[in-house]
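What follows is a single structure, written as structure tokens, with notes after it.
Order of the sequence lines fixes the chain letters, A, B, ..., with proteins taken first and strands second; residue numbering starts at 1 for each chain. Keep in mind the model is a prediction, meaning the values are calculated, not measured.
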2 protein chains.
Amino acid sequence: MRLSTKGRYAVTAMLDLALNGVDGPVTLAEISENQGISLSYLEQLFASLRAKELVRGVRGPGGGYYLGRSADDISIANIICAVDEWVEFTRCGGRKNCSGGERCLTHSLWDDLSSEIFDFLTKISIGDLIRRGEHKKADKAAHLSVVNDEGSRAA
Amino acid sequence: MRLSTKGRYAVTAMLDLALNGVDGPVTLAEISENQGISLSYLEQLFASLRAKELVRGVRGPGGGYYLGRSADDISIANIICAVDEWVEFTRCGGRKNCSGGERCLTHSLWDDLSSEIFDFLTKISIGDLIRRGEHKKADKAAHLSVVNDEGSRAA
DNA sequence: TTATTACCAAGTAAATTAGTAGGAAATGTG
DNA sequence: CACATTTCCTACTAATTTACTTGGTAATAA
């Protein structure tokens, strides 16, 4: 697994798209403005996202991007894999003395961890994140001024 | 959170250290050999790991590195944070029109996801990974030739 | 004394990230 | 139709990060 800043940009952009795309498509110019990402870099990212059918583009005036499918059917792993090319590491073939022996155990362990992280991110959808955000807002509205050390992060 | 190849190297090296360091310290030369990482790059990584007291170096002939504390007290998040400098993103201050309004929700959502991934990796220790590996070995020995689609990954 | 090892610093090649520039192809609107 | 808007596409580039190289110094066991 590989969670780089590139993947972060992509997830953030997709989140923006899901939030602002409820009535009509969202232009990359808007996302660029909102998130402080250059338009052309967004174009690159969205080319990858479009290739994996995570977004759908509409050209011309009034155009922009839609989510390619329901927000509940788009996982964080989907997004990150789309832009980050998912290099499979620990392909022990070709490595030193990795065949079968003690040596390979380390690789195998990392491989297990890696796929566990992947599973974790597969289970979180854009829809989940949004609902979670709504809950938090509702909670804040309900018992206002009740501040614990977790809630007061975003200034 | 940021899970780069650099963090991968560090986790792999720490795993190697934990596995081979049961009787006596492990030299970076050995890890370099085992994992195919250049000695000097390992030195850089271990400088960071040592600064966070995740490893302990012993100089001179017969020297090498020990884990800084019990394998159960070293989480994957610990390791990644040590080498990856943990840049805190989505510090919305200074950003566009991020103060309070709609705009910030996206950042906040990503921030939540980020800390969730962090929590996840905090809960997995080097010790956990090793025990998991041993279980897997035991399972293989017990009901041999029973292969499901998950177990047959590492060739 | 010597070999071995951690430890340290400066520099560098390669890869990746992020952004620029300059378009072409659709498409809604006047 | 003309035109503005927007996706879509390619090539180039600056900045940053990754991974490695080189050339040491300091500690220490034999």
Send over the distance from [X] [atom1] to [N] [atom2], rounded to a whole Å.
X     : N      : atom1 : atom2 : value
B:L39 : D:dT22 : CG    : P     : 12 Å
B:Y41 : C:dC8  : OH    : C1'   : 17 Å
A:L42 : D:dT6  : CG    : C1'   : 14 Å
B:E30 : C:dT5  : CD    : P     : 8 Å
A:R56 : D:dT6  : CZ    : P     : 17 Å
A:Y9  : D:dT16 : OH    : C1'   : 12 Å
B:F46 : C:dA9  : CZ    : P     : 19 Å
A:K6  : D:dT16 : NZ    : C1'   : 14 Å

Cluster overlap B:L45 with B:V58, hydrophobic side-chain contacts below 4.5 Å: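 No, separate clusters.
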
So if I take every side-chain heavy atom of [X] and compare against [options], which nucleotide ends up nearest?
X     : options               : result
B:Q44 : C:dG19, D:dC20, D:dC9 : D:dC20
B:S40 : C:dA18, D:dC8, D:dT22 : D:dT22
A:E43 : D:dC9, D:dA19, C:dA18 : D:dC9
B:R59 : D:dC8, C:dA18, C:dA6  : C:dA6
B:T27 : D:dA29, C:dT5, D:dT21 : C:dT5

Pairwise 5' ranking along DNA chain C for A:G60 and B:A29, keeping only the more 5' one: B:A29

Along DNA chain C (nearest heavy atom to each residue), the more 5'-positioned of A:G7 and B:G64: B:G64

Ring geometry between A:F120 and B:F120 (parallel below 30°, tilted from 30 to 60°, perpendicular above 60°):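 The arrangement is parallel - the two ring planes meet at less than 30°.
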
Sugar-phosphate only, base, or nothing, as touched by B:Y65 at under 4.0 Å among non-hydrogen atoms: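 Answer is sugar-phosphate: B:Y65 comes under 4.0 Å of backbone atoms only.
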
Touch class at under 4.0 angstrom, heavy-atom based, for B:L28 against every strand present: sugar-phosphate

Phosphate OP1/OP2 of D:dT18 contacted by B:S4 side-chain N/O (<4.0 Å): yes

Flag side-chain contact, heavy atom, 4.5 Å: B:R69 against B:N78: yes

First encountered from the 5' end of DNA chain D, between A:R50 and A:G62: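 By nearest-heavy-atom nucleotide position, the 5'-most residue is A:G62.
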
Test item: B:D16 side-chain N/O and B:A13 main-chain N/O as donor-acceptor pair under 3.5 Å: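 Pair absent, no side-chain N/O of B:D16 close to backbone of B:A13.
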
Residue B:E43 excluded, over 12 heavy atoms near CD under 6.0 Å: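 It does: B:E43 CD has more than 12 such atoms within range.
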
